[in-house]
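Please read the structure below before turning to the comments.
As the structure is a computational prediction, the values presented were derived from the model and not from experiment. Because only heavy atoms are used, hydrogens play no part in the values below, and waters and symmetry mates are left out as well, while side chains stay in.
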Amino acid sequence: MNSVLNAIRETVHIAAHDNDAQCNIRQIFNADDISIYRFELGSDENFVPSPVELYWKIPAINVKGLWKPTSDFSKRIEADWELDNHESRISIDSPVISLFGNNDENIICFSCSNAINKVELGAKYREEDDHIYCKIVLFTECRYTIRNFSVDVRIDYRNIHFSQALKDTATWWEGFENLKPAYVPEIAKKPLYSTWYQFHQDLHEEKLLRECKIAKDLGFDSIIIDDGWQTEDNNRGYDYTGDWQSERFEDFGAMVRQIQNIGMKVGIWYSVPFCGKKSVAYQKFKGKFLTENHRWAPVFDPRFPEVREYLANIYAKAAQDWNLDGFKLDFIDDFKAYPDTSFEQNTERDFMSINDAVDALLTDVSDKLKAINPEVFIEFRQKYTGPAMRKYGNMLRAFDCPGDPTMNRVRIADLKMLSGNTAVHADMVTWHETERVEYAAFHYINTLFGVPQLSVMLHQLPVSHNNMIRFYTNYWKANSTILLAGDFVPFSPLANYPVKKVVSDNKLIIGLFDNHYLDLDAPYKTIDVINGKPSEKIIVSTDLSLGQYKAQVFDCQGQLVNTLVITLNQNSVTIKAPIAGMVCLEQQM
C-alpha cells in the first residue's frame, strides 16, 4: 500500500508494507514552517504488524552536519550506504534527528510522538541525486498483536538556531499526556558528590564520612553512594545483585543519618535489571528473565507483575527503612529483547511489550518513592534520558566519561537541549591528584553549564585543587538559576561546542573552550567569561557602542589577579586571563 500527501518541502511517503490493515497519513498542522502528520494503522482484528517506513527527501543544500541525541563526537553527514539507523525506545535516546547548516541554523528537525516503543530514524545522504533521505521506521521489534496504532510526526524547517529547534521539540513532547515530565525538587539542582570513580566498590565508612565533611564544606549538598554498599564483593561484577541487602556496613541506616547530619542528602545506587546468579532472588525468579546470557547477570523480565512489584518494593523499603533522599537507578537500557527472549503467550505475564512493561515498572517505582518522599531525587544516565524517562526521573546525567572533560561538555549540551526543566547533570568529574591545578580545573569548568558532579578523593588533593573546587562550586551555586534556566545556546556542534553561552536577566555567562573570540551582539549589564582553554587571551569584539566595562580577572582558585576598565565601542579588546580562570565584566553607567 502507498499513500502520498503534500508536505511543506517534499512528499511524505509510506513505503509498501505487508500489513493487512487500513493505513493512512494526513497533515494535522501546517504553519510557520512546522508541519505535523498523523500516521494511523488499524484493523477490525488483532494482528502482528510488519515494519512500516515513512520517508521523504530534501535537497542537500547548506547541510553541514547531523545531530542525534547521543552521537557524541560524531555529528558528520552520513551516507545512505553506511551506519545503522538511529534507534529510540523508552530506555534508549529520543525519537529525533536534526540537520544543521554552516551557521548552526536548523535545516530540518524531525521527531515523532512515540517515545515508548522502538522507532528507527535516519537522515542519509544519497550520492546519486545529492539529496538527504529522511525516514522513520515503525514496528521493527513488535512481536505481539495490536489492533489500532497512531503516531504524530513533527517536521520543523524554521530558520532558527538548531538548538532552539531541539528545545521546541522537547516542549512538543511535554504536551502529550503520557510524556508529562516529573516535578524537579531543589536538591536535584544542587552539586553532587559521588563515590564511584574514587571508591568503586571498596567503600569504607570512616573514609566516606571524612569525604562527606570535606565535600559539604566545598559546597556539595548531596551524595550518591554507588556500587559496593550492598555487598562485600569487590570484583566489580553483578553476581550478588537482586537481593540488595547492605552487607558492607554494620548499620547502613545509621551511616545515612550521620551523612545527613553533616548536611548532605543521601541517595544510593541500584542496577535495576540485574539479578546475579549468587543472589536469593535468582532462585525465586527462575524462568522470569529476559535473558540469562547477559555478560554481567540475568535480566529481570518486567512483563511479570511480581517482578515489577518486587523491584518497586525494594526501593520503597529502602526509602522508608534508611530515610533515603534519592536513588540512582542504573542500566535501564538493558531492559530489551534478547535473542533468547520469549514472546510466546504466557498467562503469568500481563504485558507482551517489554517497553510498555518498563513504563509500568518505572511508573510504580516513581509513584511509590514520591509517596514516601515527594522531594526524592531520581537519577538516570544516558542513553536512557529521553522524553519518556523524564516522567519518572528528575535528574539526567551525562554518560560515563572519566578523565574526559571535552566529552563531558558535549554530552551535557546534547542532554540540555532536549531536557526542558529536568536537571541535567555532568558525569562525575575525576582527575589525578598530581595534575596541575589549571588542568584539573578544566575537568570541572567543562561541567558548569550542567549540574556539577564530583568523584575524587578530596582528602588526598592538594590545597590548590580544593581551593579551585570551592571557587567554582560557589560561583556555580550563586549563578545556578541562570545556568539552569537561562537561554542556553551551544555553538559549533561539529567542533564539540567550543563556545557555550547562557543568558538571563541582562546577564551573559559564556564558556570559551577553544581559541574563539567573544562576539557581543547585544548589550549586557554583566558578562562572565570562563576561560576553559590553555591560552591566556580573551578577545572581546562588538559592532555595537556599549561603553565602558569594569573587568575583574580571577585565577582558577578565585584569587583576584587584575582589575581594569575596557571600552567596547565597535572594536575588539584583548584581556589577559589566567588559564582556567574567569573574567567578570560589569557595565559602567
Side-chain angles (χ1 to χ4, degrees), residues 7-10 32-35 55-80 82-83 85-86 88 93-112 121-127 130-136 153-173 382 385-387 398 406-407 409-420 424 449 487-503 510-514 516 519 521:
I8 299 173
R9 308 289 189 220
E10 291 290 340
D32 301 322
D33 282 345
I34 296 175
S35 191
Y55 69 96
W56 66 100
K57 66 178 182 177
I58 61 171
I61 298 172
N62 187 32
V63 179
K64 184 176 184 179
L66 179 147
W67 186 97
K68 296 181 289 188
T70 47
S71 50
D72 292 337
F73 292 158
S74 181
K75 293 180 169 67
R76 64 176 177 84
I77 295 169
E78 299 175 358
D80 65 351
E82 63 167 347
L83 302 179
N85 293 328
H86 165 57
S88 168
D93 280 340
S94 305
V96 61
I97 281 181
S98 164
L99 292 173
F100 54 88
N102 284 286
N103 291 299
D104 290 353
E105 68 269 46
N106 174 55
I107 303 301
I108 183 173
C109 180
F110 63 94
S111 53
C112 80
L121 301 92
K124 309 282 190 175
Y125 192 102
R126 183 168 296 177
E127 60 196 55
D130 299 309
H131 276 66
I132 302 288
Y133 282 73
C134 305
K135 62 181 175 181
I136 296 176
V153 175
R154 183 178 184 270
I155 304 176
D156 183 348
Y157 289 102
R158 290 176 298 164
N159 184 23
I160 56 177
H161 197 270
F162 87 99
S163 66
Q164 188 61 52
L166 290 167
K167 286 182 274 189
D168 290 348
T169 299
T171 301
W172 177 63
W173 282 325
Q382 289 173 310
T385 49
T406 304
M407 182 64 85
R409 178 177 80 238
V410 168
R411 287 175 172 166
I412 290 166
D414 287 344
L415 266 177
K416 276 179 73 76
M417 289 183 282
L418 287 182
S419 297
V424 170
F449 289 84
D487 182 18
F488 170 69
V489 182
F491 295 91
S492 302
L494 271 172
N496 301 322
Y497 308 125
V499 180
K500 291 182 177 181
K501 77 174 185 180
V502 63
V503 177
I510 191 159
L512 298 177
F513 303 100
D514 208 336
H516 290 249
D519 185 16
D521 57 0

Between Thr169 and Ser111 the two heavy atoms that sit nearest each other are CG2-OG, 3.5 Å
Rounded to the nearest 0.5 angstrom, the CG-CZ distance for Asn62 and Phe100 is 11.0 Å
Next on the checklist: Can you confirm whether the side chains of Tyr125 and Asp130 place a donor and an acceptor under 3.5 Å from each other?
Outcome noted: yes
Check whether any side-chain heavy atom of Pro95 lies under 4.5 Å from a side-chain heavy atom of Trp173, and answer yes or no.
yes
CD of Gln164 to SG of Cys109, rounded to nearest 0.5 Å, is 11.0 Å
Between Ala398 and Leu415, the two heavy atoms sitting closest are N-CD1, 3.6 Å
Is there a side-chain contact between Leu66 and His86 (heavy atoms, below 4.5 Å)?
no
Taking every heavy atom of Ala170 against every heavy atom of Leu418, the minimum-distance pair comes out as CB-O, 3.4 Å
Here the pair of heavy atoms bringing Lys124 nearest to Ala79 is CD-O, 3.6 Å
Asp93 and Pro69 have their tightest heavy-atom pair at OD1-CB, 3.8 Å
Margin query: Could you walk me through whether Asp487 and Lys167 satisfy the salt bridge (Lys or Arg N to Asp or Glu O under 4.0 Å) test, starting with their C-alpha distance in whole Å, then the side-chain angles of each, then the deciding distance to 0.1 Å, before giving a yes or no?
Written below: CA-CA 10 Å; Asp487 182 18; Lys167 286 182 274 189; 3.3 Å; yes
Keeping the roles fixed (side chain from Asp72, backbone from Met407), state whether a donor-acceptor pair exists under 3.5 Å. no
Min side-chain heavy-atom separation Lys64-Asn103 under 4.5 Å:
no
d(Ser98 OG, Phe110 CZ) to nearest 0.5 Å is 9.5 Å
Show, in sequence, the C-alpha distance, side-chain angles and deciding distance for Phe513 and Asn496, and conclude whether the side chain to side chain contact (heavy atoms under 4.5 Å, CB included) test is met. CA-CA 9 Å; Phe513 303 100; Asn496 301 322; over 6 Å; no
dist Arg154:CZ -> Trp172:CH2 (nearest 0.5 Å) comes out at 7.0 Å
Are Lys501 and Asp519 within salt-bridge range, i.e. N to O under 4.0 Å?
-> no
d(Ser419 OG, Ile412 CD1) to nearest 0.5 Å is 11.5 Å
- Message: Working note: Trp67 + Leu166, criterion side chain to side chain contact (heavy atoms under 4.5 Å, CB included); need CA distance, chi angles, decisive distance, verdict.
- Response: CA-CA 10 Å; Trp67 186 97; Leu166 290 167; 3.6 Å; yes
*Check whether any side-chain heavy atom of Arg409 lies under 4.5 Å from a side-chain heavy atom of Lys500, and answer yes or no.*
yes
Gln382-Asp414 side chain donor-acceptor pair, cut-off 3.5 Å = no
The test is side chain to side chain contact (heavy atoms under 4.5 Å, CB included); show your working for Lys75 and Val410 and say whether it passes. CA-CA 11 Å; Lys75 293 180 169 67; Val410 168; 3.7 Å; yes
Rounded to the nearest 0.5 Å, the CD1 atom of Ile107 sits from the CD1 atom of Ile58 at a distance of 7.5 Å
The salt bridge (charged side-chain N to carboxylate O under 4.0 Å, His left out) partners of Asp168 (sequence neighbours excluded) come to Arg158
Hits for ring pair (Phe, Tyr, Trp, His ring centres under 6.0 Å) against Phe491, two or more places apart or cross-chain, chain-then-number order -> His161
- With a 4.5 Å heavy-atom cut-off, do Ile136 and Leu121 have their side chains touching? yes
Residues at least two apart in sequence or cross-chain that pass ring pair (Phe, Tyr, Trp, His ring centres under 6.0 Å) with Phe449, listed by chain then number, are none
Do Val499 and Ser492 touch side chain to side chain, with heavy atoms closer than 4.5 Å? no
Whether Phe162 and Tyr497 hold their rings parallel, tilted or perpendicular, with breakpoints at 30° and 60° = parallel
Task: Side chain proximity check, Thr406 to Phe73, heavy atoms < 4.5 angstrom - done: yes
Between Asn106 and Asp156, the two heavy atoms sitting closest are ND2-O, 3.1 Å
Practice item. For residues Ser163 and Lys416, determine if any side-chain heavy atom of one lies less than 4.5 Å from a side-chain heavy atom of the other. Key: no
